[in-house]
A.B. asks: 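Dropping the structure in here first, questions after.
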Amino acid sequence: MKRSSSHRVAVAGRRAAMGLVVLVLLVAGAWASWDAAHHIVLAKGRDHGTVTVTGCGEEKCTGSFTPDAVSRERARVTLDRSVAAREGDRFPVVVKPGSDAVVRTGLPGFLHAWVPLAGALLLAGFVIGGGLRMARTAWGVGTTGAALLVATFVAL
């Protein structure tokens with residue numbers, strides 16, 4: 001069966017639109033992840049230490065900071081509240097430059113920082129499968145996102 005040129009243009013337009021949606025999803029996920037991840041990935045020259053969580057509010061947790069040998073002391077630091085931070089917990093952190101805010105480091109912190117990208121990969125898998133009709137690629141992208149989410153859950 002011969003397809004008309006308008007049908008081919010419509011298919012190309014749909015594929016371009018879905019490709020743009022996938023691109024926006026992945027860029028937004030990476031952008032949201034990079035806000036925390038760059039403090040972990042590019043941690044050289046920043047203050048490192050261990051935080052002991054002393055209390056948590058609605059959005060932030062506070063704690064005492066024990067610096068490593070070359071970092072400066074801080075009386076109190078804050079970190080974003082998450083299900084993985086409870087009163088009494090101790091874990092390694094890096095201090096965000098110019099503040100008393102900290103980000104968890106190590107494998108758990110690294111994985112947690114990339115959770116927005118994992119969610120974006122999972123959503124992109126559905127768009128790739130349904131909108132672009134690329135089932136194998138969709139399964140690969142979606143499985144990667146799901147694996148990252150599960151690894152983060154296990155690590156924390």
Side-chain angles (χ1 to χ4, degrees), residues 1-51 53 56-63 77-156:
M1 184 170 153
K2 196 170 188 178
R3 300 281 181 178
S4 68
S5 62
S6 62
H7 181 266
R8 287 191 299 270
V9 169
V11 169
R14 179 182 55 89
R15 292 182 66 83
M18 291 297 107
L20 185 62
V21 169
V22 168
L23 181 65
V24 168
L25 278 171
L26 296 178
V27 168
W31 186 271
S33 294
W34 189 246
D35 183 47
H38 82 275
H39 297 294
I40 300 164
V41 175
L42 306 174
K44 189 174 181 178
R46 298 183 185 187
D47 288 342
H48 294 260
T50 304
V51 69
V53 179
C56 289
E58 289 291 319
E59 295 181 14
K60 300 279 183 185
C61 290
T62 59
V77 293
T78 62
L79 63 147
D80 290 337
R81 180 169 173 92
S82 82
V83 294
R86 293 186 185 98
E87 196 170 322
D89 286 351
R90 291 176 47 97
F91 43 83
V93 294
V94 64
V95 180
K96 292 181 179 180
S99 73
D100 285 330
V102 295
V103 176
R104 187 173 186 169
T105 59
L107 181 63
F110 180 79
L111 291 172
H112 187 261
W114 292 105
V115 164
L117 180 60
L121 285 166
L122 199 56
L123 289 173
F126 287 108
V127 176
I128 292 168
L132 293 174
R133 310 272 196 257
M134 299 170 66
R136 288 185 187 144
T137 304
W139 274 104
V141 169
T143 303
T144 302
L148 184 53
L149 288 172
V150 169
T152 303
F153 178 77
V154 170
L156 291 176

A.B. asks: Quick one: does any side-chain atom of Arg90 pair with a main-chain N or O of Val53 as donor and acceptor, under 3.5 Å?
C.D. replies: no
A.B. asks: May I ask you to test the Leu149-Val115 pair for a side-chain heavy-atom distance under 4.5 Å?
C.D. replies: yes
A.B. asks: Answer yes if the side chains of Arg46 and His39 hold a donor-acceptor pair under 3.5 Å, and no otherwise.
C.D. replies: yes
A.B. asks: Rounded to the nearest 0.5 Å, how far does CZ of Phe91 lie from OG1 of Thr105?
C.D. replies: 9.5 Å
A.B. asks: Do the side chains of Asp89 and Arg86 get nearer than 4.5 Å, heavy atoms only?
C.D. replies: yes
A.B. asks: Of all the heavy-atom pairs spanning Leu148 and Ala118, show the shortest one and how long it is.
C.D. replies: CD2-CB, 3.5 Å
A.B. asks: On a heavy-atom basis, which atom in Leu79 and which in Ala85 lie closest, and how many Å separate them?
C.D. replies: CD1-CB, 4.3 Å
A.B. asks: Can you see which heavy atom on Ala120 is nearest to which on Gly29, and at what distance?
C.D. replies: CB-CA, 3.9 Å
A.B. asks: Might you point out which heavy atoms bring Leu111 and Ala155 nearest each other, and give the distance in Å?
C.D. replies: CD1-CB, 3.8 Å
A.B. asks: When rounded to the nearest 0.5 angstrom, what distance separates CD1 in Ile40 from CG in Leu107?
C.D. replies: 10.0 Å
A.B. asks: Can you measure from CZ (Phe110) to OG1 (Thr152) and round to the nearest 0.5 angstrom?
C.D. replies: 9.5 Å
A.B. asks: Looking at Arg104 and Leu156, what are the two nearest heavy atoms and their distance?
C.D. replies: NH1-CD2, 3.5 Å
A.B. asks: Does the Ser99 side chain pair with the main chain of Lys96, one donor and one acceptor, at a distance under 3.5 Å?
C.D. replies: yes
A.B. asks: To the nearest 0.5 Å, what is the distance between CG on Leu121 and CH2 on Trp114?
C.D. replies: 10.5 Å
A.B. asks: Are the side chain of His112 and the backbone of Pro108 linked by a donor-acceptor contact shorter than 3.5 Å?
C.D. replies: no
A.B. asks: Counting only heavy atoms not in Arg15, do more than 12 sit closer than 6.0 Å to its CZ atom?
C.D. replies: no
A.B. asks: Mind listing the closest non-hydrogen atom pair of Leu26 and Ala124 along with its distance?
C.D. replies: CD2-CB, 4.0 Å
A.B. asks: Out of curiosity, Glu87 CD to Cys56 SG, how far, rounded to the nearest 0.5 Å?
C.D. replies: 7.0 Å
A.B. asks: For the backbone of Ala32 and the side chain of Asp35, can you confirm whether one donor and one acceptor N or O come within less than 3.5 Å of each other?
C.D. replies: no
A.B. asks: Could you tell me the separation between the CG atom of Leu25 and the CG atom of Leu20, rounded to the nearest 0.5 Å?
C.D. replies: 10.0 Å
